[in-house]
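A short write-up of the structure that comes next.
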Protein chains: 2
Amino acid sequence: MARVRIADVAAAAGVSPTTASHALTGRRPVSAATLANVRKAVADLNYRANAVARSLRTQRTLAVALIVPDITNPFYPMVARGVQDTISDAGYQLIICSTDADLARELRALRDMVSRAVDGMIVSLFRASDDDLADVAASGIPFVMLGPMEGPNLGDRVMGDDRVSVSEATRKLLNSGRKCIAFVGAAQGVGPGDSRLAGYEDAMLAAGVALDPNLILRSDYSRAGARAATAQLVGREPPVDAIICANDLTAIGVMDALKIAGLSVPSDVAVIGFDDIESAALVSPALTTVDNRAYDKGVVCGRILLQRMSGEITGAFRHIVVPSHFVVRESA
Amino acid sequence: MARVRIADVAAAAGVSPTTASHALTGRRPVSAATLANVRKAVADLNYRANAVARSLRTQRTLAVALIVPDITNPFYPMVARGVQDTISDAGYQLIICSTDADLARELRALRDMVSRAVDGMIVSLFRASDDDLADVAASGIPFVMLGPMEGPNLGDRVMGDDRVSVSEATRKLLNSGRKCIAFVGAAQGVGPGDSRLAGYEDAMLAAGVALDPNLILRSDYSRAGARAATAQLVGREPPVDAIICANDLTAIGVMDALKIAGLSVPSDVAVIGFDDIESAALVSPALTTVDNRAYDKGVVCGRILLQRMSGEITGAFRHIVVPSHFVVRESA
DNA sequence: CGATAGTTCCAAATCGATTTGTGTCAAGCT
DNA sequence: AGCTTGACACAAATCGATTTGGAACTATCG
């Protein structure tokens, strides 16, 4: 129960703590006999170095923090997996903090991770302001921002090309002969909805179609919210024959409403989502959507962070775009 | 960039580090004037206590580790949320480690968390053996096991009543007149499938129905696997008129196969899943299933751990069962 | 043989906080 | 006045590892 210290190991091996440390870390050479003795003592006593003490001395924790708005949103676990697969070979542990998209919790997580002296951070914030990130930057801990948000140039940034990919999806609908295309999104400034709406607008304008504000609805990324919003779209003249949605849950809610209204997808109305969550392939008709490449984004974040932490790259912050894939299924 | 230490704060406030520490921790009283000076110095210098140094001295990290097989399985993020909501008020940070149900990673995570001296652990293991947990127990760190697995009495345990609830679900099918009920599960010893199968068997035997080995299929918890397995069930005589599944994904795969075979759910065949994942409500027909209460299990784990860490409970380990809910939708 | 280089090991300093032991001073009480 | 008590501040020890600066000892070589 009483923890074994390196001094105990050293005593058992008949050497000084210094030598035991050198034997275990390989920082300086020790004789083969000493090495064997120390190894044996470690095994006999079941010694595990105290990472807290080591970190204090070495000024490294071998830990990377991932701060996300909501771990139950399937996007983030997939990001986490990408990060972990990337950094764990270099010996880093991933610490995941979920903040519930709550400002106080976001701030607390940021402060706490700085205080715990993690070696690097990957942050995806919904509410925190630039000043809060400035605090992190001031601490000298390298960090990567994940998400579409604009912001100060305080660290590296990894983002999707939401705007471009939604624009392309919209163009495809136009090319396939859809005439009246609506967009169901989120309140302004909340999450990634704005850039997706911008993509929709880009494509419409590029095709010479005037934007109709009545075809742009605000929702809240939820299935129920989308269902309610869609009610406003049915029965219009000319009839809406395609709907672009800010995310997959919205698209599923839209399809609920269409079914209730007696419209069939995709023959009457085409529907396109965003994210490619697992459910997208499960609903009927299966959802045509845009894969946001969560895993790959995690990998990219992990890689940049590794390079920053090792000093391999310094100076100017990178802005890396991870392009999305269009996933064609049945709904469009 | 150079980190601010408490000595710097003390200097700025014109007191000794000792006094600064007392002012900040409240461990001993200080004069109002001193307190104000120290607070001001903290604000001016933007001081954040180094948690590593503090942990070394206090022998507490205020961190709890959650070790799970796969963070992308929606069950575990929900558990994480329950844990976090429970422990964060007490000042604990949650550290989530995903092990990919890989033995080497499970061991590494266990060792690493012991080495990092977390104050408590919640572990859900797929592969690791009892000895490995014995190491954790030997370290004196309290831990809670989450999952249905049998095992040594080394720590507190939180589990579902999978067997009972599947048994009840099966009984309901029998009561509603289903005659030929199959079970699609997983390979023996992998995950929670065994106890669910046992529940199926309990109900069948209790109803005086002999078990037919041909009605018990092994799959792998995946949609595709279940689809393939189900092929063996169609066209039998007497026809299978109900299928109990080890989890929801399996159930969804089963429904895929039934649709292909031209059978309708639930009129020809009733289907029941387990877990109540988000997709369960999204598929068509919506899946009747058993809610495994991930969030509540997280809360229970967190509560027990808090009590152990505070010394509020000691001695004999608890075995807590979190009963499941039957969720009736359209498929049965 | 003496100088030099190379091994091998140890004592002590260090990381940055908290905690213990002690001293000082002023107020309260007999 | 003398004694006790409490408030307040500081110096030094402490947590458990790593790292620095030598010391001791052994080979090698001219």
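The figures here come from the full heavy-atom set of this structure, side chains too, leaving out hydrogens, waters and symmetry mates. Each chain gets a letter, A, B and so on, in the order its sequence line appears, and its residues count up from 1.
At D:dA9, none of the side-chain N or O atoms of B:T19 fall inside 4.0 Å of OP1 or OP2 (strictly under the cut-off). Residue B:S31 places none of its side-chain N or O atoms closer than 4.0 Å to OP1 or OP2 of D:dA7.
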Steps toward side chain to side chain contact (heavy atoms under 4.5 Å, CB included) verdict (B:V123, B:M113) | CA-CA 11 Å; B:V123 299; B:M113 291 302 115; over 6 Å; no
Criterion side chain to side chain contact (heavy atoms under 4.5 Å, CB included) on A:R116 and A:I95, from CA distance to verdict | CA-CA 11 Å; A:R116 289 191 129 86; A:I95 299 178; 5.5 Å; no
Output, in order, the C-alpha distance, side-chain angles, deciding distance and verdict of side chain to side chain contact (heavy atoms under 4.5 Å, CB included) for A:V300 and A:V144.
-> CA-CA 10 Å; A:V300 171; A:V144 179; over 6 Å; no
Using the side chain to side chain contact (heavy atoms under 4.5 Å, CB included) rule, take B:V114 and B:D135 through it: C-alpha gap first, then chi angles, then the decisive distance, then the call.
-> CA-CA 9 Å; B:V114 169; B:D135 268 11; over 6 Å; no
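Heavy atoms of A:R27 sit under 4.0 angstrom from primed sugar atoms or phosphate atoms, though from no base atom. Using a 4.0 Å heavy-atom cutoff across all strands shown, B:S55 reaches no nucleic acid atom at all. At a threshold of 4.0 angstrom between heavy atoms, the contacts of A:S21 include nucleobase atoms, whether or not backbone atoms are also involved. Using a 4.0 Å heavy-atom cutoff across all strands shown, B:V15 reaches sugar-phosphate atoms only and no base atom.
A pairwise comparison of heavy atoms in B:V52 and A:S55 identifies CG1-CB, 3.9 Å as the closest pair.
Rounded to the nearest 0.5 angstrom, A:E106 CD and A:D132 CG are separated by 8.5 Å.
Rounded to an integer number of Å, the gap from NE2 of A:H22 to P of D:dG21 is 12 Å.
Think of the region where chain B sits on DNA chain C: with heavy atoms and a 4.0 Å cut, that region ends 5' and 3' at C:dG16 to C:dT22.
A side-chain hydrogen bond (donor to acceptor under 3.5 Å, both in side chains) with A:D156 is found for exactly one of A:R308, A:R318, A:Q307, namely A:R308.
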Distance-only donor-acceptor pairs under 3.5 Å for side chains of residues 17-29 of chain B, two or more places apart:
| unit_1 | atom_1 | unit_2 | atom_2 | d |
| --- | --- | --- | --- | --- |
| B:T19 | OG1 | B:S16 | OG | 3.2 |
| B:T25 | OG1 | B:S21 | O | 2.9 |
| B:T25 | OG1 | B:R27 | N | 3.2 |

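Direction change of the helix axis from one end of the helix from C:dC1-D:dG30 to C:dT30-D:dA1 to the other is 50°, with five pairs defining each end axis (rounded to 10°).
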